[in-house]
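Some notes on the structure that comes next.
What's counted below: heavy atoms across the whole structure, side chains too, no hydrogens, waters or symmetry copies. Below, chains carry the letters A, B, ... as their sequence lines are ordered, and counting in each starts from 1.
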2 protein chains.
Amino acid sequence: MYTIGQISEMFNLPISTLRYYDKQGFFPGMKRTSGIRKFGDEEIETLKVIECLKKSGLELKDIRQFIDWCARGPATYPERKALFERQREQVEGKIARMHKVLDMLKFKCWYYEQALADGGEEKIKAMIPEGLPGEIRAAYQSAHQE
Amino acid sequence: MYTIGQISEMFNLPISTLRYYDKQGFFPGMKRTSGIRKFGDEEIETLKVIECLKKSGLELKDIRQFIDWCARGPATYPERKALFERQREQVEGKIARMHKVLDMLKFKCWYYEQALADGGEEKIKAMIPEGLPGEIRAAYQSAHQE
DNA sequence: TCTTGACCTAAAGTCAGGTTTAGGATTTAT
DNA sequence: ATAAATCCTAAACCTGACTTTAGGTCAAGA
């Protein structure tokens, strides 16, 4: 069993955030001794899931909904499964979009490297898109499609 | 030249957002005819860069800083280059973290599929982590390390 | 015993990034 | 020429996710 301060260090989250999560109902079974919160294995796993679902783009109220499903037992397995499948798709899409962002950034890195070497942008601008070197052209086109 | 409504459709952004960006100084050279905004190629490229930098995790005030650098000419090439290199690293890190999130989600998808098949979680919980099938064990361990 | 550090609550405050509202002006189609 | 759609501004409002404040309780070491 851990105190709020230990969990704060463990997860690198402010104490105020942990209290806020508790107030929002994320730790329904948490024990206390004379008012002081005791975080156990269950709460630690919950925090891992909160972090995961947050990073997947879910809002706290929807994470709260998941916590409620957990408390309602096996009858909600289908909802929980569907949630994770949905978030999995979301994250797969997100990663794909991030690769496009990365292509734009790669192009811009090259662009300013050239601009710095040439002392201006005119020469580069005239190269877009046909005259760009192969790898850069691919990044440019990936970033500018649609 | 395009009206705000056309740009709104083109980028799938609310008109109010475009006006908000304008008010924040993102289109310093934008023309108007009798008060009505005219978006040109420059503004379109700016919007693409805003979208890219936003998705890379940059705040609007830092994107605004970049716009100001652009207006100050070639003297700021080093700052602009450094910005894109920094954001490129950020996004590479972000993608790596998203793969870990994805591993957690894959594990949870499998978990609830099993729970649904078994009618309970006891059997699965007893398998963690040694008894898990290879691919699932890898995802579990990737998601639970540190 | 006393004091210091870690814990507690409720309620108000903060911040980013917009969105809505209210009241007009302009442009386009009929 | 008039009606409908689209544009404008300033200012107030909103949302999510915390954080800070103010005032107090608890536990462990000197």
Side-chain angles (χ1 to χ4, degrees), chain A residues 1-40 43-44 46-68 87 90 94 97 101, chain B residues 1-40 43-44 46-68 87 90 94 97 101:
Chain A
M1 292 288 197
Y2 303 89
T3 66
I4 200 166
Q6 292 171 313
I7 296 290
S8 165
E9 295 232 311
M10 196 179 294
F11 282 87
N12 222 349
L13 285 173
I15 288 177
S16 60
T17 301
L18 293 168
R19 292 210 262 248
Y20 170 71
Y21 287 168
D22 185 24
K23 205 174 185 180
Q24 301 307 303
F26 288 101
F27 310 116
M30 192 159 57
K31 297 280 175 292
R32 293 190 179 221
T33 57
S34 58
I36 290 171
R37 292 174 183 86
K38 295 292 166 189
F39 289 75
E43 285 72 36
I44 288 176
T46 298
L47 274 169
K48 284 181 185 161
V49 175
I50 291 174
E51 300 262 87
C52 168
L53 289 176
K54 262 187 42 174
K55 285 180 191 156
S56 84
L58 214 62
E59 294 183 7
L60 290 190
K61 70 171 186 317
D62 297 315
I63 299 177
R64 171 63 205 270
Q65 159 90 282
F66 168 73
I67 300 288
D68 293 348
Q87 290 318 109
Q90 293 291 311
K94 216 166 187 149
R97 284 191 300 279
V101 168
Chain B
M1 291 287 195
Y2 304 88
T3 67
I4 201 167
Q6 292 171 313
I7 296 290
S8 165
E9 295 232 310
M10 197 178 292
F11 283 87
N12 223 350
L13 286 172
I15 289 176
S16 61
T17 301
L18 294 168
R19 292 209 261 249
Y20 172 72
Y21 286 170
D22 186 23
K23 206 173 185 181
Q24 302 306 305
F26 288 101
F27 310 115
M30 192 160 56
K31 299 280 176 291
R32 292 189 181 222
T33 57
S34 58
I36 289 170
R37 294 174 182 86
K38 296 292 165 187
F39 290 75
E43 285 72 35
I44 289 176
T46 298
L47 274 170
K48 283 180 185 160
V49 175
I50 292 174
E51 299 263 87
C52 168
L53 289 176
K54 263 187 41 175
K55 285 179 191 157
S56 83
L58 213 62
E59 293 185 9
L60 290 190
K61 70 172 186 316
D62 298 316
I63 299 178
R64 171 62 206 270
Q65 161 89 281
F66 168 73
I67 299 286
D68 293 348
Q87 290 318 109
Q90 292 292 310
K94 215 166 188 152
R97 285 192 298 281
V101 169

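- The main-chain N or O of B:Q6 is never found under 3.5 Å from a side-chain atom of B:E9 such that the two would form a donor-acceptor pair.
- With sequence neighbours excluded, the residues forming a side chain to side chain donor-acceptor pair (under 3.5 Å) with A:S56 are A:Q87, listed by chain and number.
- Following rounding to the nearest Å, A:F26 (CZ) and D:dG16 (P) show an atom-to-atom distance of 12 Å.
- In this view, B:K23 satisfies the side chain to side chain donor-acceptor pair (under 3.5 Å) rule with no residue, not counting sequence neighbours.
- Put simply, CZ on A:R64 is 15 Å from P on D:dG16, counting in whole angstrom units.
- One interatomic measurement links the two molecules: CG of A:D62 to P of D:dA17, which rounds to 9 Å at whole-angstrom precision.
- When the side chain to side chain donor-acceptor pair (under 3.5 Å) test is applied to B:K31, no partner is found at least two apart in sequence or on another chain.
- Considering only side-chain N and O atoms, B:S34 lies nowhere under 4.0 angstrom from the phosphate OP1 or OP2 of C:dA25.
- Scanning for side chain to side chain donor-acceptor pair (under 3.5 Å) contacts around A:E51 gives an empty result, with sequence neighbours left out.
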Under 4.0 Å protein heavy-atom contact, by nucleotide of nucleotides 3-22 of chain C - B base, S sugar-phosphate only: ----SBBB------BBBB--
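- The side chain to side chain contact (heavy atoms under 4.5 Å, CB included) search around A:Q65 returns A:W69, not counting sequence neighbours.
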